[in-house]
Each structure stands twice: as C-alpha cells, then as structure tokens.
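Everything below concerns the one structure shown next.
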Amino acid sequence: MTSPDLNSLPPQYDAQATEAEWYPRWTEHGVFVGDPARAKTREPYVIVMPPPNVTAVLHVGHGLNNTVQDVLIRWRRMAGDEALWVPGTDHAGIATQNVVEKQLTAEGLTRFDVGRDAFVERVRTFVAQTGGEILNQLKAIGSSADWTRTAYTFSPELSVAVREAFVRLHEDGLMYKGHRVIHWCPRCGTSLSDEEAEFTETTGKLYHLRYALADDPTQSVVVATTRPETMLGDVAVAVNPDDERYTAFVGKDVILPLNGVRIPIIADSYTDPTFGSGAVKITPAHDANDFEVGKRHALSMPVIIDAEGFVREVDDAAGRVPSTLNGLDRFAARKAIVAMLEAAGAMVKVEPHQHNVRHCYRCDTVVEPRLSDQWFVRMQPLADKALAALRSGELRILPDRWEAVYVNWLEGIRDWNISRQIWWGHRIPVWYCEACGNTPIVSRIDITACPTCGGPVRQDDDVLDTWFSSWLWPFSTLGWPDQNSIDLKAFYPGDVLVTAPEILFFWVARMVMSGYWFLGKAPFHTVYLTGTVRDMQHRKMSKSLGNGIDPLDVVRLYGADALRWTMVAGLGLGVDVMLDHTDLDKSFAPGRNFCTKLWNIGRFLLSRVGSDAVQPMSALSASALAAGDAWILERLDVAIAECEAALGPARPANGATWTDAERGRGMRLAEYAEAARRFVWNELADWYLESIKPRLAVESGVDREVARAVLAHAFDGALRLLQPMIPFITEALWQHLPQTTSGQFLAQASWPRARAAHDISDDERAHVQLFEATRQAVQGIRQIRAEYNVSPGAIVAATVSATGVPAGHFESQANVIGSLARATVSVNNAHPDEAAASAVMPLVTVHLPLAGMIDVGKEIARLTAEVTQLEGPLNALEGRLANEKFIAKAPPEIIAAERVKATEWRARLVSLREKITQLGA
RNA sequence: GGGCGAAUAGCUCAGCUGGUUAGAGCGCCUGUCUUACACACAGGAAGUCGGGGGUUCGAGUCCCUCUUCGCCCA
C-alpha cells in the first residue's frame, strides 16, 4: 500500500500556476474545438458569444455573462453534445470611431482634416494593434470558446454576409430610402436608430410663447415648447379640431416673433388640448411628430439647425434666422432667443418641466431631431415571424417576464434606420449614376460603371449601423451566405443566447428576425437574460462612477475559479448581482472560501486514497458496502439529479418547440452550484469522509478497499459536477485520482450519471436509512454536549435507541457514532436508570447520563420547550384532519401524508413527555 | 402617459403548477487551533412572508386594492 502523503499537493491552492498550466493544455489538445463531423452523431450544442466591442476591456459584466456561457458549454461538452462556443468581436462603428476621433482631437485634428480613406486606415491600424485584447482576457477567466473560429463583424467574410443581407432585403422590397425626421447626434455627426437615442429624465423648462394674429395684433395664441429655438422653423400652429377655444382661430395666420414669418393656424387631432395652452407650434424639420403633421397638411419644412448643431438657414429657410442668431450653437441660440422673446414681450411664462430628453448612447450628447435622407428596413414582416416564434414555443426567454417586453416591442415595431453618417463601418452597397438619374443601384459586388449607361457611378457615402452586422452574427460566423458551408449545416440553428437585457431590442430580437428571414429558423431556442452587476448602493457598475471591479484583479487575487464561483453561486435567474467594489475580499469570499475548502478536501482525501488502483463501482458487491457507503452513493445520485434539474433541459424534448411544462425550466445556475456544493462539502466532507477515517486508518483489508473505492468514486463525481463552474481547480485535483487515466482531461470527461432506481437494492436502501439514523444520533449527542458545555475533547457515554430503524442493524453503527460524536455508545432500547439528558430525533433517541452534570430543572425546561414547539403545528395538523371539509375535498395523497406526519409527531410528543415524567416533573 | 416587475431572517436572494414545523449563502451569538481546512469545525438565535380585503378544506404561493421601489417603452 502507498503511504498517505499529504505533501503530494501543496497546502495552499496556487491558482496562478494551475491556470497557467491547464488552459494551454486544453487548447493544445483542441478540447474546445467544435467538430462538424462529430455533430452528425452527437447533438450539437451551440452558443454564439455576444461579441464585445473590439476596443473594449473586460469588465465584470462580461465576466458574468461569459461565465454563464462557459458553464453551459462545459456542461454540455461533458454531457456528450458536440459543444461549440463561437467567440468574436464587434467593430462597433460609432464607439470605435469615437475613440480614434479623440486621439485626433488630441493632435488638433478632425477626421475631415485627415480624409475618409486615411481615417478608415487609421482606425483599421488601431484595431489591429490594440483590438481584441478582451478575448485574451476572456481566456484568463477560463472561457472554453473555440478560438479557431474567432470572428469579427468587419472581417472580409462577414462583410460578404452584410452585403448579402442588404441586397436580399432590397430584393424583398424591405429596404428603402426615406426622407424623414430622425435622431441626429451633432457630436458624432450621424443619425441614430430609435434604440440608440436613449431617454434621460431631465428637469427642463416649458416656455410659453405668444404668437400675435397677423390681422389683429391685439389677439394672440400661446404655444408651449421645451425647445424655443425651434420657433425659427415653425410653419404652423396646430390646435385640436374639437377644441372650442380655438375654433374661431383656425384658418387665420399668426406672425412669428423675431423673424416675422407669417404662418397659419391649423386643426389637427395630434394636438392634445390638455397640454399647455392646447395650441402647439409645428416645426416639421425638427420634430418627428411635427413632421407627420407637416406631411398631412403639405407644409414646408425649413431646416434651421445644421448637422453640427448650429442655427443657420440650412434648407428652405431663407429669411428665417435673424443675423444676430446666425451661427450660434443650438443651446446658445436658445438663451439668446429666450432673451429676445422676453424683450419683445412674447414670453408669457416659463415653468419648470419634467421630461425625457434623448441622448446619444455613445457620447451622451443631446440628440437633435433632424430632417434627412436615410436608409430604412421595413420591419413589420420580419417582426411577424419573430412574434410567431415566441408564441409557438420555438423560442423562449428567461426569465419569462422579458417575453412580454419582447412582444410589446415587436408589436409596435418601427422601421429601422440603418444608415450612419460616419466612416467606420460597412459602406452601404448602393451606387448612383448621375447620368441615368437618381435610381440607386444596389449590388453585391463593387461597381465602377453604371450597368445601364456605362457612365461613372458614385457609392453612397453612408455606412451601416453596427447592429446591421451584429444581427447576422449567429449565422454569419458559421459561413453564411454560403449555403454549402459545413459549419452552417452542422451548427445552425444554435441553442442558447446569453446576454444582458439592455440589448434585447438592439440585438436579440433582431437576430431572431434575421434568423427567420434569411434561414427560416430562429437562431436559438433559448434566450437567457442575466442580471446586472451592481455595487452595494445598487448602482450599475460603470467607468464614470468609478465603482467597477476589474475581473482580472479578482483573478490575480483569488483565481479565476473563485471569480466564477462567486458569480454563479450568487446568480438567481435574471437577478442582479451585488458586489462591493471597495471590499473585494468580502465580495469574493464565497468563491475563495469554497475553492480553499475544495482544495483541502481534495488534498486530504487524495492522501488517504493514495495512488494505488481502486476498484470500479461495478466490482463492488452491494453487501460489501457499509451504511455510510450506501448513503454517500445515494447522496451523489441526488446531487446529480438536482444539478441536472437546475440546469436543464438543454433543449426542447421534442426537438422543436418548448412545451408549457418545460418552458420555464432550467438555467438555475445558483441552484446548480448549491446542489454541487452541498454534496461535496456538507455530505462528502462533513459526513462521509469523517465517518470513514477509522476505516482508512487500518493497514489493509476488504473494508478499507471498499471505502477507498467509494470515496474515490464520490469525489470523482463531485469534481465532474463542479468542473463547468470551477474548471481549473477541479482539473488539477481530478488528475490525482487513482482512477484517472493519464492524458485524459476532466474538461472533456463524461457528465456523471445517476443510477436508475431499479439498480439499487432494498438492502442498500435500508443502509441509507441506517446512516440517516446514525447522523441523527450524532447530531443529538452533539446538541446535548453543546447544551451542557461538555468540553469538546471529553469522551462521554451515550445510549442510543433506534425507533425508526431495526435495532439489530443499528449495533453496527455504534463505533461510527462514537467516533463522530466523541462518545462511547451503547445501543439499547431500555431507558437508563440514572437521570439523563435526552434528544428525541425522528429515527433515534439518545440519552447522555452525564453523571453529576445533569441539571434536572434545565433538562425539563429544555424538553418542555421542545414540546411547546411541537404542540402548535401538531394541533393545527390535528384540527385539519378533524375538519370534514378537508377530508372531503383535499386529495387523498395529501390526507395520507398528513396522517403519517401526525402519527410521527404524536409519537415524538409522547416520547418527549415520557422523558419529562422520568425526570420527575 | 403606457406596460412590466419586485416587496420573504440584519444583507443578497430561493421557495417553479396553492398542501414542508417557511429555506440557502453571507452576517450575528456561543464554544473549539478535535494533527485536511479558523478562508475551518460544532452548536445556536433570528422572519405576524409590505398594509388591507377576498377566493379556498387549505395562500408566502391565486384575485382585488393601497403603499414603496425598480425596469422598459412613448
């Protein structure tokens, strides 16, 4: 036999060394690589990683998100699926362009000084040099993505997909160029989609302006506005047709103050009579609603604010901007105009006003509504399919309350403005031939001459919204539009998408739409929306607040596994994770403590098991198993079942649609973590390992071999259950198990399987129950010891009577109970003569004579308290059983269970009262 | 303004289709350096499940209402 050597593993777990050792081994052996050939015989399980911005650095949100994905992928990889996790980055149009523009600003330049081609080249170089670092950071936290398939939204391959999508939508009649008011960011110099213009609650001012009637300056209408500067572009005042206050005014004209322009008063039901004075100014070029009114009434649409946000007579606005205001910034102009209106007596009043102002999601500049020409995708037909997918159960969203949000958005879907007036991105594949007129030529390939007349052509200056490439990600990364792509055939559609709820509309819903439109299938069957990582004040972690946590700091301090465990164990479904950025020690204690504990369990256990071969479970006869052996094997079965129930099902059972019963199941990572933790810590270490110390301490023998085999098997099972969450430490420990074959990896070992119920004999079940009784006896003795402050080292005498298991069988447990409870135990159904402290447990009753130490009064009080505690629920229970209506209406199995419970409780109560009587009360 | 959600132990949250003496982790209290682990072990205290009403044999769980928070959309 090999002598136990505690020094074979260092006493302290070395995360740095372990991570540096195993990650490269996994990748060298292609553990993470998906194989389309194998996907023919196995179920593929595919996750596409939400591509981080190419310039991003890892923050704790990425950490959370990618850990969840890695847990799922590692679980399915072990479970025998052909697991593929596709990683990559997003070129992030506006965001990346902004970074480089900031560099230029530092050099005193603008992108226009540099010129388009040189600017794009500069961004390309910048990305090539510094981009994608975040992917290396994801490796540092253990992400088992298939790096051989790393994709990039702006790669040549994905550019083909983008162009194909544009052209196809154009061919399908869903792509059009529209002239309308869009959200414009004057700082970024581009239009934004509805989703990119975010609302911020703002306390502004509501200005009430007086417009005098042209024909009777003694009369006037008052209009309310939050943006008085736009009055220069007003073309009408609108009132509600049903508003009797204004009936007489409709059709008359008013004169705009400051520029003297004459505009009509019109009736339009868009006007809300309860807002302000009931009359609103109409500025079609600078407000989306006003634009609609303007179209209905065929009004002119003067543009008085330019692309940079300066007040000018831009378009159709001759004579509208007084020279003193010309060239002022929009906010400076507002001030000036307010002062001028006040001076002119046209300002009736100004009041504080709470409203939502749209800001650019990339630079936070106040967005300016602006009339311009943009490319739009007609979304309704795409949305219909995405809605149907959710309703049919082809798609589910967890937590399910987000399904309502998804439906709500799709039902009110608006056309998608996809053109951006920036330079970094996919150029819109549209050309114009001046000679032939303005008909756009949409083409899959670059063209240099007009296909009709052969004349020169000019490509559209705009680029596409970044999300126009992102929404193709689930299939563009697999080779689409090449229908013969092996990856596409093997791995589309995928399975799960894990992301933050913030991009449900930006990205998730659009991927579903594109998946259906271009490939006829949803790109995944499950959307898992994680919670947000917040600080202790519940604020979102952000760079500007300085309340962030750098995951790599945590990795350095406690290891990647500690980071991962802390996040997974704290991750209720869709629940926010609170972490204290000022106290990493405390925040990551759960992960750090668990890893340390696991390491100690492993270190001790492996030293006792030794390196000699152990028998496989199949070689052990059930009759050779001790009660504890049967118990821990049963606990392992339970743990496996609980882990699986928490995680799965991995996919719809019928392969196509979720049934109502399945739909909300699984993805409970915290429950999975808790089930695995409880098994290895509270069951394997606290009870089984403690109980077999004497069996392992002997030199040799059959019983020692049985204990070694069961112990090694149980720990192997625990490590397999834990590997998806804490891959490094489990791999390091697993490699030392005697049954592990060299050259194998835990990372691709099989997921443990619970035994079928019919494979467990009645004898074995009786053994499990016997060990439960043993545990109760130990707990009972420990309670009394603590109650009477018996010194922890002292050996006490205890009598144990079995009430719930056959007394004969219980004899065998005396030694185990004794060693765990530090007692000399006699198994006896008779009550001891002398006064004793007792504990009445469901399966056993224990007595400790504790000569000279028993305080009869105290013991009576203790037992009486237990009686009282039991009487309440028991009375309620008996009342229920006496209630005829309960007996008549409750299901029989419930009634039966309640009767069993009542019998047990009554017995326990009788026993407790007996003890009290014996003590002489 | 419209919609959705949450309110359970000091903190963060479980409790999934109504039936357990309402659970976990952290924190707290008591004892212990019991030769794997004090980042540990053993024992323990702690909740009228936000307020009110209803449905039911039975409600933390379903319905109504109020209060307070949060999120999304316009």
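Proteins get letters first, then strands, A, B, ... in listed order; numbering begins at 1 in each.
- Residue A:Trp905 is classed as a base contact, given a heavy-atom separation below 4.0 Å to a base.
- For A:Phe505, the side-chain atoms get nearest to B:C73 when compared with the rest of B:C39, B:G19, B:C73.
- To the nearest whole angstrom, the two C1' atoms, one in B:U20 and one in B:G15, are 11 Å apart.
- A:Asn789 comes within contact range of no nucleotide atom at all, as no heavy-atom separation falls under 4.0 Å.
- Ion pairing between a basic and an acidic side chain is recognised when a charged N comes within 4.0 Å of a carboxylate O; A:Arg908 and A:Glu866 show such pairing.
- Of the candidates B:U17, B:A36, B:U20, the closest approach to any side-chain atom of A:Lys693 belongs to B:A36.
- A distance of about 23 Å separates the C1' atoms of B:C11 and B:U67, rounded to the whole Å.
- Taking atom C1' in both B:A46 and B:G3, the straight-line distance is 39 Å, to the nearest Å.
- Distances were taken from every side-chain heavy atom of A:Gln783 (C-beta onward) to each of B:G44, B:C41, B:C72; the shortest belongs to B:G44.
- Heavy atoms from other residues, nucleotides or ligands lying under 6.0 Å from NZ of A:Lys586 number 12 at most.
- Across all strands, A:Glu671 comes closer than 4.0 Å only to sugar-phosphate atoms, never to a base (heavy-atom distances).
- Using C1' as the reference atom, B:G27 and B:A9 are 11 Å apart when rounded to the nearest Å.
- No engagement by A:Ala589 is indicated, since no non-hydrogen atom pair under 4.0 Å with the nucleic acid exists.
- A:Leu606 and A:Leu737 make their closest contact through CD2-CD2, 3.8 Å (heavy atoms, listed as atom of the first residue, atom of the second, distance).
- Figure legend: cation-pi geometry between A:Arg396 and A:Trp658, with NZ or CZ positioned under 6.0 Å from the six-membered ring centre and within 45° of its axis.
- OP1 and OP2 of B:G43 both lie 4.0 Å or more from every side-chain N or O belonging to A:Arg785.
- For A:Glu368 (side chain) and A:His183 (main-chain N/O), no donor-acceptor pair under 3.5 Å exists by modelled atom type.
- Although no hydrogens or angles enter the test, the distance criterion places no donor-acceptor pair under 3.5 Å between the side chain of A:Arg564 and the main chain of A:Gly591.
- Ring geometry, A:Trp599 versus A:Tyr13: the interplanar angle falls from 30° to 60°, so the pair is classed tilted.
- Residue A:Glu893 places its CD atom among more than 12 non-hydrogen atoms of other residues, nucleotides or ligands, all under 6.0 Å distant.
- The nucleotide whose nearest atom lies closest to any side-chain atom of A:Arg665 is, among B:A40, B:C16, B:G43, B:C16.
- When each of B:C41, B:C37, B:A40 is scored by its nearest atom to the side-chain atoms of A:Arg603, the top-ranked nucleotide is B:C37.
- Of all nucleotides listed (B:G19, B:G31, B:U21), B:G31 comes nearest to the side chain of A:Pro792.
- With B:A74, B:A36, B:C71 as the candidates, the nucleotide lying closest to the side chain of A:Trp402 is B:C71.
- Comparing B:A42, B:C39, B:C37 against the side chain of A:Arg782 picks out B:A42 as the nearest.
- Within 4.0 Å of A:Glu866, counting heavy atoms only, lies no atom of the nucleic acid at all.
- For A:Asp583, the CG atom counts as densely surrounded, since its 6.0 Å shell holds more than 12 non-hydrogen atoms of other residues, nucleotides or ligands.
- The residue among A:Val405 and A:Arg677 whose nearest nucleotide of RNA chain B is located toward the 5' end is A:Arg677.
- Annotated stems with RNA chain B as a participant read B:1-7 with B:67-73, B:10-13 with B:23-26, B:28-32 with B:40-44, B:50-54 with B:62-66, given as range with range, by first number; only runs of 3 or more Watson-Crick or G-U pairs under 3.5 Å qualify.
- Atom CZ of A:Phe604 and atom P of B:U34 are 15 Å apart (whole Å).
- With rounding to whole Å, A:Glu893 atom CD is found 13 Å from B:G18 atom P.
- Within a 6.0 Å radius of CD in A:Glu878, more than 12 heavy atoms belonging to other residues, nucleotides or ligands are found.
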- request: Go through the steps for A:Arg913 and A:Glu871 under the test salt bridge (Lys or Arg N to Asp or Glu O under 4.0 Å), then give the verdict.
  value: CA-CA 11 Å; A:Arg913 287 195 172 126; A:Glu871 274 173 343; 2.4 Å; yes

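- For the pair A:Leu689 CG and B:C37 C1', the computed distance is 11 Å after rounding to whole Å.
- Regarding A:Phe594, its CZ atom lies at a distance of 18 Å from the P atom of B:C37, rounded to whole Å.
- Contact annotation: side chain of A:Lys597 to base of B:C37, donor-acceptor pair present below 3.5 Å.
- Only the P atoms considered, B:G25 is 35 Å distant from B:G58, to the nearest whole Å.
- B:C71 and B:C13 are spaced 14 Å apart, taking the P atom of each and rounding to whole Å.
- If you take atom P in B:U30 and the same atom in B:A45, they sit 15 Å apart, rounded to whole Å.
- Within residues 872-888 of chain A, the residues that have a heavy atom under 4.0 Å from RNA chain B are, in order of number, A:Pro873, A:Asn883, A:Lys885, A:Phe886.
- Taking the side chain of A:Thr596 as heavy atoms from C-beta on, and the options B:A36, B:A14, B:C39, the nearest nucleotide is B:C39.
- Taking the six-membered ring where the residue is Trp, A:Trp681 and A:Phe594 present parallel rings, their angle staying beneath 30° rather than reaching 60°.
- Spacing between atom CD of A:Glu411 and atom C1' of B:C72 amounts to 15 Å, rounded to whole angstrom units.
- Atoms CG (A:Asp580) and P (B:G27) sit 13 Å apart, rounded to a whole Å.
- Between B:U21, B:G43, B:G19, one nucleotide has an atom nearer to the side chain of A:Lys901 than all others, and that is B:U21.
- Between the CD atom of A:Glu674 and the P atom of B:C16 there is a distance of 17 Å, rounded to whole Å.
- Distances shorter than 4.0 Å separate none of the side-chain N or O atoms of A:Asn600 from OP1 or OP2 on B:C39.
- The two atoms that bring A:Trp467 and A:Trp507 nearest to each other are CZ3-CB, 3.4 Å, heavy atoms only.
- With both ends at atom P, the span from B:C39 to B:U21 equals 38 Å, rounded to whole Å.
- A:Trp681 has a side-chain polar atom (N or O) that falls below the 4.0 Å cut-off from OP1 or OP2 of B:C41.
- Residue A:Pro891 is classed as a base contact, given a heavy-atom separation below 4.0 Å to a base.
- Atom pair A:Trp687:CH2 and B:A42:C1' shows a separation of 10 Å (rounding to whole Å applied).
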